[in-house]
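Structure first, commentary second.
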Amino acid sequence: MGKLPREFYNKDSLIVAKELLGKVLVHEVNGQKIFAKIVETEAYMGVEDKAAHSYGGRRTPRVEIMYGGPGFSYVYFIYGMYYCFNVVTREEGTPQAVLIRAVEPMGGIEFMAQNRFKKPHHELKKSQIIGLTNGPGKLCGAFLIDKDLNGEDLCGSKLYIEEGQEEEFAIVSCKRVGIPNTGEAKDYLWRFYIKDNKYVSVKDEKNVH
DNA sequence: ACCGCGATGCCCT
DNA sequence: GGGCATCGCGGTA
């Protein structure tokens, strides 16, 4: 399957966030290959977006990678415990990103089970099987994504995204999660997910197509 | 099912 | 020193 080229990422996050649904995130690590279908994303639109780390042109060491070119990872540490994985979009100097919020496991599932719960997959409860990757912090745990992967080139051969199978699905657009203090930005419908997918972190009842 | 809360450390003012 | 693009637990129903 084809790896997404750098040009794929050189667009507004609102476009890339939708186009990433159904694509396959891959991490090759410790001789293992972990891969999963992207089912939920959020667009962070940079300078104009109060919820974005780069809002107003804020340029600190943490967000520096967002100011570089498209197709690199932006991994940050949150709540003292978790990592979140983003894909940097747009050209150098325009700091946008897409947060990957949930994925559906496809391969390397035993490895994910160990990484998340220190147990073999067959010992997991049903809620734990869904809980492997149905949230931004959880999928980073399953995929062994941490600070060391900040700034990784997604056009390389370690952490990358591939075309998925041809597939029809409906896309739901709704409000982003966990950004209560961002004024009008908290109400923008910049979260996207595959309708009816089990691995979506938070379903939104009153949604828009 | 839903709700409330505490964990825990880095980043930035 | 305050806040954070989260999660899992333990309570109540």
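Just so it is clear: chains get the letters A, B, ... in the order the sequence lines come, proteins before strands, and each one is counted from 1.
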Look at the side-chain heavy atoms of Ile, Leu, Val, Met, Phe, Trp and Tyr, link any pair under 4.5 Å apart, and say whether F117(A) and Y82(A) land in one connected group.
no

Bracket notation of DNA chain B in which parentheses pair within the strand, [ ] cross earlier pairs, and | pairs with another strand (Watson-Crick or G-U, under 3.5 Å):
|||||||.||||.

Do other residues, nucleotides or ligands put more than 12 heavy atoms under 6.0 Å from the NZ atom of K33(A)?
yes

Please give me the minimum heavy-atom distance between S201(A) and A102(A), naming the atom from each residue.
N-CB, 4.3 Å

Are any side-chain N or O atoms of R90(A) and backbone N or O atoms of S13(A), one a donor and one an acceptor, separated by less than 3.5 Å?
no

Base, sugar-phosphate, or nothing for R191(A), non-hydrogen atoms under 4.0 angstrom?
nothing

Co-membership, hydrophobic cluster, residues M66(A) and I145(A), 4.5 Å side-chain:
no

Whether each nucleotide of nucleotides 2-9 of chain B has a protein heavy atom under 4.0 Å at its base (B), only at its sugar-phosphate (S) or at neither (-) is summarised, 5' to 3', as -----BBB

Strictly below 4.0 Å, N to O, side chains only: are K50(A) and E184(A) in salt-bridge contact?
yes

Tell me, please, the opening and closing nucleotides of DNA chain C, 5' to 3', among those with an atom under 4.0 angstrom from a non-hydrogen atom of chain A.
dC4(C) to dG8(C)

Between L20(A) and F8(A), does a side chain to side chain contact (heavy atoms under 4.5 Å, CB included) hold up when you go through it step by step?
CA-CA 9 Å; L20(A) 278 174; F8(A) 175 91; 3.6 Å; yes

Residue set satisfying side-chain hydrogen bond (donor to acceptor under 3.5 Å, both in side chains) with R59(A), at least two apart, ordered chain then number -> E64(A)

Ring geometry between Y76(A) and H53(A) (parallel below 30°, tilted from 30 to 60°, perpendicular above 60°)
perpendicular

Single hit among I34(A), V103(A), N134(A) for side-chain contact (heavy atoms from CB on, under 4.5 Å) with L139(A):
V103(A)

Out of D49(A), D187(A), T182(A), which one pairs with R176(A) under the side chain to side chain donor-acceptor pair (under 3.5 Å) rule?
D49(A)

I'd like to know if the side chain of S173(A) reaches the main chain of L189(A), judged simply by a donor and an acceptor atom lying under 3.5 Å from each other, with no hydrogens or angles considered.
no

Can you tell if the side chain of C140(A) reaches within under 4.5 Å of the side chain of D146(A), non-hydrogen atoms only?
no

Give me the residues of residues 46-67 of chain A where at least one heavy atom lies under 4.0 Å from an atom of DNA chain C, by number, or none.
A51(A), H53(A)

Using a 4.0 Å heavy-atom cut-off across all strands, classify K175(A) as base, sugar-phosphate, or nothing.
nothing

Residues of residues 91-101 of chain A with a heavy atom under 4.0 Å from any atom of DNA chain C, listed by number, are L99(A), R101(A)

Here's a test for you: under side-chain contact (heavy atoms from CB on, under 4.5 Å), which of K203(A), R101(A), E104(A) qualifies with E40(A)?
R101(A)

Contacts of G135(A) and N181(A) projected onto DNA chain C by closest heavy atom; the upstream (5') one is N181(A)

Could you point out which residue of K3(A), K158(A), R6(A) forms a salt bridge (charged side-chain N to carboxylate O under 4.0 Å, His left out) with D153(A)?
R6(A)

